[in-house]
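Below: one structure, written as structure tokens.
Numbering of ligands and ligand atoms starts at 1, following listing order. Along the sequence shown, the residues carry numbers beginning at 1.
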Amino acid sequence: MKRALLPAVVLALSMVVAAPACDDAPAGPRASTGPVRPPLRPSPEQQAAARALLTGPDWYRHAVFYEVNVRSFQDSDGDGFGDLRGLLSRLDYLKELGIDALWLMPIMPSPFADSGYDVTDYRAIDPVYGTMADFDRLLVETKARGMRVFMDLVLNHTSIQHPWFQESRKDRTNAKANWYVWSDTNGREDIACGTHSSIFGESPWTFEPARQQYYFHRFYPEQPDLNYREPAVAQEMLDTARFWLEKGVAGFRCDVAGLLFETATACSLAPETIEYLRSLRRVIDSFPDRATVAEPAELTNSTPYFGNGTDMFHMAFDFAYGYFWGIAFASGDRKIIEDAMTTASGYPPGAQNALVIGSHDVPRAWQSAGADPARYRGAALLQMTMRGTPFVYYGEEVALRPGTTALIDLRDAARTPMTWTREAPNHGFTTGTPWLPFGDAAAATSVDAQDADPESMLAFYRSLLAFRRGHRVWGTGASRVLPVDDRAILAFVREDEGERYLVAVNLASEARGGSTQGAGAASGRLVLGEGTLTADGETTRIQLGASGHAVFELRP
Ligand code: NOJ
């Protein structure tokens with residue numbers, strides 16, 4: 001079913017950062033010397049250091065994750081849908097890129113009213129993606145490569161076609177009668193937020209003739225909310241988590257984790273929800289070296305998702321950066337990013353920020369960058385050097401462009417198939433007809449086209465990830481934003497165990513320079529990007545090209 005609907009945030013973002021002319025050439029003047037690009041591969045010493053950092057319970061703080069839209073990644077059987085065997089065939093590509101862990105978008109059986117976020121069986125694999133044996137093989141093959149797998153755990157709602165709902169909707173007395181949120185009226189005083197409007201903008205109440213009652217759905221009508229006040233529901237979902245953990249998944253990306261319990265006062269993270277999430281954490285902690293990442297409902301502050309730092313989520317997405325960085329570049333003002341970093345610096349000890357520049361929910365990063373590769377690179381550099389764990393959305397490494405076809409909703413623009421080869425019509429994704437047409441510039445964004453080109457986005461990503469690899473400083477080192485007197489220049493210092501770096505990005509589309517106090521260094525050696533850093537006593541001056549970026553290794 002095609003929908004014109006999409007979450008308000010996606011709509012807002014596509015309006016604010018609407019792409020200007022689609023020109024691959026970076027705008028404005030560039031500094032005269034060429035950019036410094038670190039090697040495409042990490043050194044053996046870095047690899048050894050990475051192995052140590054990625055061992056033990058803190059592995060996720062030093063990992064680079066990759067969000068895989070399995071349906072769009074690689075088809076193995078010509079039906080036009082990506083699948084697990086296709087993903088298996090691309091593990092070496094991901095390993096070589098520098099990826100340590102995969103987050104798979106939902107692969108459980110689903111009628112696909114919301115891209116799999118409407119599940120009909122929590123303990124099975126949708127046949128379109130393969131079998132449980134294929135999934136088990138994925139666990140074995142990722143492990144053999146030192147990689148891990150996160151599942152997407154959709155706790156808040158099921159599919160309308162889930163057998164639980166099919167039973168619940170029949171009458172008011174069946175065994176599952178209380179598993180969903182029912183009401184005699186299309187609104188309930190004891191449910192705050194979403195009483196009148198769902199997250200997708202329609203009424204969140206849909207009438208069920210058999211029961212002569214309305215059911216509550218914060219998302220599409222095909223996604224009825226589970227009732228967590230029913231103990232059997234609460235238990236069932238903890239058991240679901242245990243089921244996948246026993247199989248060997250490394251953890252979960254928890255969909256809209258704050259919304260589980262409906263209450264009269266809280267929209268999100270009601271006290272009952274917090275209590276429940278703590279019990280989920282206890283399940284996670286009963287397995288060694290597992291982790292979770294929360295999808296917060298709030299866009300600007302993920303602090304409450306960490307609890308005391310060790311009793312709720314290990315990580316939470318930083319949407320303040322992840323969804324809004326394009327606005328900072330478009331306005332040439334660092335405030336949005338600086339505020340995001342300040343908020344993250346207030347997280348409780350133990351919390352780990354999860355950093356994105358795009359996802360299946362928002363426009364492609366290419367669009368957020370206003371189709372400017374220099375901005376795009378600056379945003380990716382920030383994602384990889386701000387304190388936290390980066391999550392690369394599939395295809396970002398080749399700057400996949402947005403598509404134009406909306407099968408489910410407008411978010412499909414960011415869910416188009418991966419482009420592996422230049423050759424139209426199927427670009428190595430499938431031998432059949434792709435379930436969703438490719439995005440723009442499919443040949444130019446193919447892995448083949450970029451593989452051997454040292455100037456390509458793929459080369460940039462490879463060298464950026466190689467640069468980062470095995471250095472504790474990027475995942476967990478201290479972070480300090482510098483008060484540069486030009487607001488277009490975002491600069492911060494990262495330090496840990498004798499390593500000190502200054503990262504600087506120019507958010508303006510012309511060359512800019514600015515001064516700051518407090519960098520605490522006499523000199524800086526340019527190790528990535530292009531620009532100059534000069535120190536004069538306490539003052540440090542940073543000069544960058546149009547939308548330019550640079551990383552300097554600082555010396556006392
Ligand atoms: C968040 C997911 O990221 C989004 O794609 C989905 O529509 C909603 N949760 C509902 O599950």
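Salt bridge Glu275/Arg278: present, at least one basic N to carboxylate O contact under 4.0 Å.
Identified under the salt bridge (Lys or Arg N to Asp or Glu O under 4.0 Å) test for residues 299-310, with sequence neighbours left out: none.
Residues meeting the side chain to side chain contact (heavy atoms under 4.5 Å, CB included) test with Ser89, sequence neighbours left out: Gln74.
With a heavy-atom cut-off of 4.0 Å, His217 does not touch ligand 1 at all.
The residue among Asp361, Leu259, Val154 with a heavy atom at the shortest distance from atom 5 (O) of ligand 1 is Asp361. Which of Asp255, Val256, Ile408, Val119 comes nearest to atom 11 (O) of ligand 1 through a heavy atom is settled by distance: it is Asp255.
For the ligand labelled ligand 1, residue Arg253 lies inside the 4.0 Å heavy-atom shell.
Under a 4.0 Å criterion applied to the non-hydrogen atoms of His360, ligand 1 contributes the atoms 2 (C), 3 (O), 4 (C), 5 (O). Interface of His157 with ligand 1, defined as ligand atoms under 4.0 Å from a residue heavy atom, comprises 10 (C), 11 (O). Interface of Arg411 with ligand 1, defined as ligand atoms under 4.0 Å from a residue heavy atom, comprises 4 (C), 5 (O), 6 (C), 7 (O). When each atom of ligand 1 is checked for a heavy atom of Asp114 under 4.0 Å away, the hits are 6 (C), 7 (O), 8 (C), 10 (C), 11 (O).
Between Trp59 and Ala250, the shortest heavy-atom distance links the atoms CZ2-CB, 3.9 Å.
Side-chain contact of Tyr66 with Glu397: a donor-acceptor pair under 3.5 Å is present, judged by distance alone.
A 6.0 Å sphere centred on NZ of Lys247 holds more than 12 heavy atoms belonging to other residues, nucleotides or ligands.
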